[in-house]
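Contents: one structure, followed by commentary.
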Amino acid sequence: MPQDFNLGADALPKQYSPKDAESRIYQMWLDGGYFHARVNPDKKPFCIVIPPPNVTGQLHLGHAFDETLQDVLTRFKRMQGFEALWLPGTDHAGIATQAKVEEQLRSEGTSRHELGREKFLERVWAWKEKYGSKIVEQIKKLGASCDWERERFTMDEGCSHAVREVFVNLYEKGLIYKGSRIINLCPKCATALSDAEVDHIEEDGHFWHLRYPVYGSGGVSSDNATDYANAPGAEFVTVATTRPETMLGDSAVAVNPEDERYTHLVGKTLVLPLTNRKIPVIADEYVDREFGTGCVKITPAHDPNDFEVGKRHSLPEILILTPTAVVTGGTRYDGLPRFDARKQILADLEAQGLLIKTEEHRHAVGHCSRCNETVEPMVSEQWFVKMEPLAAKSLDCVDNGGIKFVPERFVKTFDNWMNSARDWCISRQLWWGHRIPAWYCEKCGKITVSREDPTECSHCGSHEIKQDEDVLDTWFSSALWPFSTLGWPEKTPELEYFYPTSVLVTGYDILFFWVARMIFSGLEQMGERPFETVLFHGLIRDEQGRKMSKSLGNGVDPLEVIDEYGADALRFNIITGNSPGNDMRYFPARCEAMRNFANKIWNASRFVLLNLTVSDVTLPPESELRAEDKWILTKLHDTIAEVLTNFDVLELGIAANSLYDFIWTGFCDWYIELVKPRLMSEDAAEKQSCERVLLYVLTHLLKALHPFMPFITEYVWQQLPAVDGVIMTQEYPEADKIPRFPEDARRFDAVRDAISAIRTRRAEMNVPQKMQPSLLIETNSPEDFTAGIAQIKKLAGISEITVSSTAPSETAGYAVIATAAAKLYLPLAELVDLAEERARLSREIAAAEKNLAGVEGKLSNEQFMSKAPDSVVQKERDRLAELTTLIENLKSALSRT
RNA sequence: GGGAGCAUAGCUCAGUUGGUUAGAGCACCUGCUUUACACGCAGGGGGUCACAGGUUCGAGUCCUGUUGUUCCCACCA
């Protein structure tokens, strides 16, 4: 044990200052190698892989939440004797990281294209080296017990190897394919996105009604749409669109086959304005007759539905936008950015009399989840993962309980998504990421996909091959995280031992991005689920319930909070009062409360240490245990049992709350106060037995609390005499090993009730602290009270106590208090107002009788008696007895007043 | 359009499979140099558990509906 932590009892300051302690303690843990987990056949494994934060990211409260939960679980399991591995690492975060470096290049007046791919990647790696360790250092400040020796990065050699293997494997199985499909393009990021990376946001837009002339109608035989505009008999179809610029790529107009208004037009030819291209009118079920004009312009290259329609009718796909959303395709609008083109096209159509109506229209528009730019759906050659077979396996696993979701309701969310997931677009037109291991042959045009970089085309043997320029979606590599980090595709002992991992802890916001993809990847590659349980948590919001965001400036820096209140306070704030899957608001005031709690523990420990003359952490024999000892031990037992139960169901907030309540109310407010008379007594044996109980309870609560508040518990532990090593490797308390005396505990409540009742009465009657009246206790169970004489005196401010089975002969000038077990007589002379006493007693009688009536009602109800479980009936019987004596006591007190 | 959550004290939230008198923190009121702690101690006020039905011996808890609110998914041009 490092000596410098033990300050000696004399030197313990009144206030705990986490700032001094935390970094030194963390270093001590690191030096001791306590976070390192190894393959250990003698122990059961427990493993959590961290949701890897972005390598260039900054720690925010969301991370703090996520990582605190993981650390609590890991520390708990470690103390329970599991070989607990919390495997840390970071994510290369393709778009985000590349964007940051590109921004830096811009400020230097250059660009990635000017630099070239190789030089650019060097820059990103340099950036990663510089900033990648920052977030790791920040996570350490939280007290995270990660096995840093196993830290991974999604683009390190091993992960890259795993990515390569999975890609080739899926390609060989036909589950990865290259194809021309409608994808979402972010013009700003200039890359394809997956569906999951598009946010649909309601926006006010317009619905423009355009007229397309029917070729040859009205006796006009012109190829030019404008010639029809003013021709008297010319016929038109009117289409409504929210993106008029896409009309440049129209290849048909569709109507519903059942729509009589238009049946005569089906098969006719239209002249597409501005381009004067001829397009057909087709009939397709897809068209909703009720919506818009009932005529839909079909742009197969720029709309997912139109794409499908186009396929059905073999329509040409006419691409009219570049990857940066500039018009292309050989019209006079070429070169115009999409929204400029929109304006120009509308103006031109209007001038030609072909724009006939503009409506306000609210609709959902896709935005890039990274940069918020409006995305452009367009047809493009990309790589896809075929979802159907993977989804089927995943649904089978999750729906049959193969992976447990906490809370369970997310299974439904998962199912909904999996059931409707379209193929996953995995190629990105970026440079930072895992480059797609596909080579194109210049000669035969075929694709070579290979585990090793090929030197020749696998089809024709040509050496003229070129690797695909694109990289993979970042989530492709994170999807492999639970096994790639354990060494897969090598058959490592770690993989064998720790896979499947135990719990995955993450926010529900990345269920689709990450959790779902890990599930199908694990099932597909490992043939086994990647984790047994997923614990979902919510978002941390600000005091007003808003999302924390840069633009609002309402973000809270966890490091500042740690600096001010300590990591333990932040952790406890986050853990308590939150249940799985729910969002929570962050209140700085709660951190203060938890800081106070840490200080409470500190001072309780100080109290114990300052009084300590023994170093025995075992309990004295039962014969030496006093009533209050049995009471606190029983409470400790029950608390530990409750904590363990809640750990089992991952209700960490409830577990933490039970400990808070036990420590503050049970241990500090009651037990320590109750024990003070004994500690001050001359009787050495009495004093020592009491010290041993104090020390026993203190060590237990410290251990029980350690997963939640690792720093202060460790710090105090280091002050205790005769303890070995560090607290974080101690055995977690087991309820069964803590003795329990429920009957004694219940009887001791007579003493606590008396103390509380006297205190309340004193407050009501404004009896000053200095005034220490004597007390006469009239009771049928005097032995329950004689055990607590000294305690009642000290805690209720009483000078002398007489315990008797009979009432005093003269009760004038006495305040009489009735409890369930006794009548308490306090000679308070002139302080006593008889009329007030009578009124109060009458009120109490009325209240008690009302309760009694309820209890009697139940007990006389045959249905209740026959159907309610015995324990519930017994509770009611006890309650009946208690209320009956209470009422007797109150009535006899009243009759004497 | 589909799905999910939430509605409990002035505020923020707990309340595990239905079972005494519904809890905590903060805020509020009263008193306290009680030899661990004022980051404290003791006492106190404050809730028709959104509303309406239903199931049950018993409902904050389960069911149905209503209202309000939040979120997720979705290709109505």
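Lettering follows sequence order; numbering is per chain, from 1.
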**Residues that E856(A) engages under side chain to side chain contact (heavy atoms under 4.5 Å, CB included), provided they are two or more places apart** = L852(A), L880(A)

**Request:** Mind calculating the distance between NZ (K858(A)) and C1' (G18(B)) to the nearest angstrom?
**Result:** 12 Å

**Item:** Protein-nucleotide distance (H363(A), atom NE2; A77(B), atom P), rounded to Å
**Value:** 7 Å

**Asked** For the residue pair H209(A) and F207(A), does the interplanar ring angle fall in the parallel (under 30°), tilted (30 to 60°) or perpendicular (over 60°) class?
**Response** perpendicular

**Asked** If you measure from the Lys or Arg side-chain nitrogens to the Asp or Glu carboxylate oxygens, is any gap between E673(A) and K676(A) under 4.0 Å?
**Response** yes

**Prompt:** With sequence neighbours left out, what residues match S194(A) under side chain to side chain donor-acceptor pair (under 3.5 Å)?
**Reply:** E197(A)

**Request:** For P869(A), answer base if it contacts any base atom (sugar-phosphate contacts may also be present), sugar-phosphate if it contacts only those atoms, and nothing otherwise; contact means non-hydrogen atoms under 4.0 Å.
**Result:** base

**Closest-nucleotide ordering on RNA chain B, the 5'-leading residue of D661(A) and M865(A)** = D661(A)

**Request:** Test F662(A) against F597(A) for ring-ring contact (aromatic ring centres under 6.0 Å, His included), laying out the working first.
**Result:** CA-CA 12 Å; F662(A) 171 77; F597(A) 178 53; over 10 Å; no

**Request:** Answer with yes or no whether the side chains of D661(A) and S658(A) bring together a donor and an acceptor at under 3.5 Å.
**Result:** no

**Message:** What is the separation between atom CZ on R243(A) and atom P on C76(B), rounded to the nearest whole Å?
**Reply:** 12 Å

**Listed partners of Y16(A) passing side chain to side chain donor-acceptor pair (under 3.5 Å), at least two apart** = none

**Asked** What's the CD1-P distance between I201(A) and C75(B), to the nearest Å?
**Response** 14 Å

**Asked** Who pairs with E862(A) by side chain to side chain donor-acceptor pair (under 3.5 Å), at least two apart in sequence or on another chain?
**Response** none

**Prompt:** Contact class for H302(A) vs. all strands (heavy atom < 4.0 Å): base, sugar-phosphate, or nothing?
**Reply:** nothing

**Item:** Nearest-angstrom distance, P atom, U17(B) to A7(B)
**Value:** 15 Å

**Item:** Distance-only polar pair, side chains of D195(A) and N184(A), donor-acceptor under 3.5 Å
**Value:** yes

**Message:** Using the ring centroid of each side chain, check whether F405(A) and F410(A) are separated by less than 6.0 Å.
**Reply:** no

**Message:** For a stem of at least 3 consecutive Watson-Crick or G-U pairs with distances under 3.5 Å, i pairing with j, i+1 with j-1 and so on, which stems involve RNA chain B?
**Reply:** B:1-7 with B:67-73, B:10-13 with B:23-26, B:28-32 with B:40-44, B:50-54 with B:62-66

**Request:** Tell me, please, which residues at least two apart from D753(A) pass salt bridge (Lys or Arg N to Asp or Glu O under 4.0 Å).
**Result:** none

**Request:** Decide side chain to side chain contact (heavy atoms under 4.5 Å, CB included) for R211(A) and V237(A); before the verdict, give the C-alpha distance in whole Å, the side-chain angles of both, and the deciding distance to 0.1 Å.
**Result:** CA-CA 6 Å; R211(A) 295 202 296 171; V237(A) 296; over 6 Å; no

**Message:** Less than 4.0 angstrom from a charged side-chain N to a carboxylate O is my criterion; do E876(A) and K858(A) meet it?
**Reply:** yes

**Request:** Compute the centroid of each ring, for H537(A) and then for F65(A), and state whether the two points are separated by less than 6.0 Å.
**Result:** yes

**Message:** Taking the C1' atom in each of G58(B) and U34(B), what is the distance between them to the nearest angstrom?
**Reply:** 45 Å

**Message:** Please report the distance, rounded to the nearest Å, between CD in E308(A) and P in C76(B).
**Reply:** 14 Å

**Request:** May I ask you to say whether R761(A) pairs ionically with E764(A), meaning some side-chain N is under 4.0 Å from a carboxylate O?
**Result:** yes

**Fill in**
Result for 5'-nearest mapping on RNA chain B, choosing between T241(A) and S605(A), is S605(A)

Distances for protein N/O vs nucleotides 42-46 of chain B N/O pairs under 3.5 angstrom?
residue, atom, partner, partner atom, Å
G43(B), O3', T760(A), OG1, 3.3

**Request:** Verify the distance criterion only: is there a donor paired with an acceptor across the side chains of T613(A) and E691(A) at less than 3.5 Å?
**Result:** yes

**Request:** May I have the distance from N599(A) (atom CG) to G40(B) (atom C1'), rounded to whole angstrom?
**Result:** 9 Å

**Asked** Are K14(A) and C37(B) close enough that a side-chain N or O sits under 4.0 Å from OP1 or OP2?
**Response** yes

**Request:** Return the residues of residues 282-293 of chain A meeting this criterion: a heavy atom under 4.0 Å from some atom of RNA chain B. Order them by number, or give none.
**Result:** Y286(A), V287(A), D288(A), F291(A)

**Prompt:** T246(A) and side chain to side chain donor-acceptor pair (under 3.5 Å): which partner among K297(A), H302(A), E376(A), R342(A)?
**Reply:** K297(A)

Enumerate all atom pairs, one protein N or O and one N or O from nucleotides 3-5 of chain B, separated by less than 3.5 Å.
residue, atom, partner, partner atom, Å
G3(B), O2', N416(A), ND2, 3.2
A4(B), OP1, K412(A), NZ, 2.9

**Fill in**
Atom CG of N861(A) and atom C1' of C57(B) are separated, to the nearest Å, by 5 Å

**Request:** Give me the residues of residues 870-884 of chain A where at least one heavy atom lies under 4.0 Å from an atom of RNA chain B, by number, or none.
**Result:** V872(A), R879(A)

**Message:** Check for me whether the distance between the ring centres of Y286(A) and F307(A) falls short of 6.0 Å.
**Reply:** no

**Message:** How many whole angstroms separate atom OH of Y508(A) from atom P of U70(B)?
**Reply:** 14 Å

Could you go through nucleotides 26-33 of chain B and list every protein N or O atom that sits under 3.5 Å from one of its N or O atoms, giving the distance for each pair?
none

**Asked** Taking the side chain of E651(A) as heavy atoms from C-beta outward, which of U12(B), C37(B), G15(B) is closest to it?
**Response** G15(B)

**Asked** With sequence neighbours left out, what residues match K357(A) under side chain to side chain donor-acceptor pair (under 3.5 Å)?
**Response** none

